[in-house]
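All heavy atoms count here, side chains included; hydrogens, waters and symmetry mates do not. Just follow the structure's listing: the first ligand is 1, and inside any ligand the first atom is 1. On a predicted model such as this, the values are computed, not experimentally measured, just so you know.
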Amino acid sequence: MSSQSIFSLLPSVDTLLQHEALVTARVRYGHEPVKLAARSQLAALRTELLSDSDLASTKLKTLTRESISERIVQSALDTLSGEFKPLLRPVFNLTGTVVHTNLGRSRLPDAAIAAMAIAAGDAIDLEFDLRTGSRGDRDSRLEALLCELTGAEAATVVNNNAAAVVLLLNSLAKDKEVLISRGELVEIGGAFRIPEVMESAGCKLREVGTTNRTHARDFSAGIGDNSALIMKVHASNYEIKGFTSCVPEAELAAIAHAGGIPFVSDLGSGSLVDMSRFSLPPEPTVRETIEEGADLVTFSGDKLLGGPQAGIIVGKAELIAKIKANPLKRALRVDKTILAALLSVLQLYRDPGSLPLRLPLLQDLCRKPEEILALAERVATPLRGKLAEKFAVQVVEFKSQIGSGALPLETLPSYALQITAPDKAPDSQITALAARLRELERPVIARLSAGSLLLDMRCLRDELGFVAQLDQLCVD
Ligand SMILES: *Cc1c(COP(=O)(O)O)cnc(C)c1O
């Protein structure tokens, strides 16, 4: 048969599109992408045959009209599944940081994920009052729950805590002074620096005291005609140690109120329950902060709260009303799926005792060291088998961090797999192994430390999945 005739075996794009597998693919990926993939795979095969006549004649002996179609369909499907692979991928967070900002912070409870899916896929009564049939308030359900959980008079929510701080400052202190201790002029990460935040919110920063010591009298003396607020920023990611002094919240509130201005506190993580009831290091709760006299408190939805990304503001009704009236509030408002998830997580807080069972963040934070050790020992065996002569694998004691600025100096006892290269091996072998682990179908993110690789087992939930994909790990 001449090479001409093999081309006569090539199907048309229209014929390919009738192939059962591509009909199914059209439902999944849409008509146009499937047509494009079929056309380009057909063209690729034609080019291949044209450029190599030997290939064409060899192929000719083995190929039939059907098998050519099958080939093209298969490669079109492969291209499509590559093109439509989700661009955000699940990873194993074995970094030792539970609330890891770069890995998406908190995992959400199933109930919250289900609530998000409903809000995403259906029309919902987001800003609609079902009783009267007229327009409702997007914040109302949230406000009721937050007031119950914190003792505040009113509440609102925006995109994240950075937005909450900017909105608060812009609503209550535009063109005015905000008093803040020098020791709290911090950078929180991701370029969130308090002095710059103040400036972008249109406020004037009035630094009070010194880096290590600030006294009540510094604040009293600092209040003037143009003062709008006293602000406290929770030391998220650092601690000043040694000869230090700061003014307790209750005293700051009293000074602010004597000067006729509000006292606001940015808790950062903030918690709605006392963490020590779960044997975790204590963190100031939002309720305590309000009881100590804060007029407004801001905190994140996805740090210690264990919910979706959000910035929550609770406090005095009159101040929240001013914040809600700011046009910026509209620009910073949360999406319906986030609201659905946040409401669902807050509902869990109505029964704090059950949180370690129901909230993934607390499941991870409260995981028992014995359980983590047993897991580490089980996983060590197949990992050793895989890494064989090249690396040593040991189960070692480890300290997990909560992360995202929550309790930066407190750690939770855990166990990790420590992978080390044989003596004298260059660090590059460990770095290369870390890269191989990230290339797995579900990338494994470990921690590089002093020439070894540490895999904290605290957050490993899918043990079977982790072990199964070790087969794919290539160790060179
Ligand atoms: C984390 C943090 C923020 C920023 O919160 P996001 O929710 O990440 O925007 C602001 N203030 C403090 C004190 C923080 O710890």
Side-chain angles (χ1 to χ4, degrees), residues 97-108 142 146 155-173 178 180-201 203 205 229-240 246 249 252 263-272 275 281-286 288-290 292 294 296-315 323 328-329 331-335 338-339 341-342 345-346 361 401-410:
T97 301
V98 180
V99 185
H100 198 304
T101 299
N102 305 143
L103 302 181
R105 294 197 182 160
S106 299
R107 294 185 296 126
L108 294 180
L142 185 94
L146 281 168
T156 188
V157 63
V158 285
N159 183 48
N160 56 20
N161 190 37
V165 173
V166 170
L167 178 64
L168 180 158
L169 289 171
N170 182 265
S171 309
L172 305 178
V178 178
I180 181 167
S181 164
R182 279 210 168 79
E184 294 167 12
L185 295 177
V186 296
E187 172 175 314
I188 283 148
F192 186 82
R193 293 175 149 192
I194 293 297
E196 288 161 19
V197 168
M198 294 255 178
E199 196 183 316
S200 64
C203 308
L205 173 65
L229 296 172
I230 291 184
M231 182 172 189
K232 183 171 176 69
V233 178
H234 192 64
S236 285
N237 44 12
Y238 74 107
E239 188 175 83
I240 300 181
C246 70
E249 242 124 6
L252 280 180
F263 166 56
V264 301
S265 177
D266 174 24
L267 281 184
S269 256
S271 178
L272 294 180
M275 289 284 149
E283 170 87 355
T285 68
V286 179
E288 276 162 17
T289 311
I290 289 176
E292 275 160 19
L296 288 173
V297 181
T298 54
F299 56 103
S300 282
D302 56 355
K303 291 186 179 172
L304 270 187
L305 192 72
Q309 180 186 303
I312 299 166
I313 313 176
V314 298
I323 288 173
L328 264 183
K329 164 70 168 67
L332 300 173
R333 78 179 182 191
V334 295
D335 152 76
I338 296 291
L339 190 62
L342 187 58
V345 168
L346 289 175
L361 173 66
Q401 286 179 333
I402 297 175
S404 282
L407 309 158
L409 306 178
E410 304 277 1

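Residue contact check: R105 has heavy atoms under 4.0 Å from atoms 6 (P), 7 (O), 8 (O) of ligand 1. Short contacts between ligand 1 and S300, defined as distances under 4.0 Å to a heavy atom of the residue, involve ligand atoms 5 (O), 6 (P), 7 (O). Less than 4.0 angstrom separates some heavy atom of A162 from each of these atoms of ligand 1: 4 (C), 5 (O), 6 (P), 9 (O). If you number the atoms of ligand 1 from 1 as listed, the ones under 4.0 Å from a heavy atom of H234 come out as 13 (C).
Enclosure of atom CZ in R193 is not indicated, since only 12 or fewer non-hydrogen atoms of other residues, nucleotides or ligands lie within 6.0 angstrom.
With T285 contributing its side chain and E288 its backbone, the two residues share a donor-acceptor pair below 3.5 Å. In this structure, E184 contributes its side chain and H234 its backbone to no donor-acceptor pair below 3.5 Å.
Inclusion of K303 in the set of residues having an N or O under 3.5 Å from an N or O of ligand 1 is warranted. Any N or O atom pair closer than 3.5 Å counts here, and N161 shares at least one such pair with ligand 1.
At least one heavy atom of D266 sits under 4.0 Å from some atom of ligand 1.
Note that OG1 of T101 and NZ of K303 are 7.0 Å apart. Values are rounded to the nearest 0.5 Å. From N161, atom CG reaches atom CG of D266 across 5.0 Å, with rounding to the nearest 0.5 Å.
When non-hydrogen atoms are compared, ligand 1 lies under 4.0 Å from neither the backbone nor the side chain of E184.
Under 3.5 Å, the side chains of S106 and D302 contain no donor-acceptor pair of N or O atoms.
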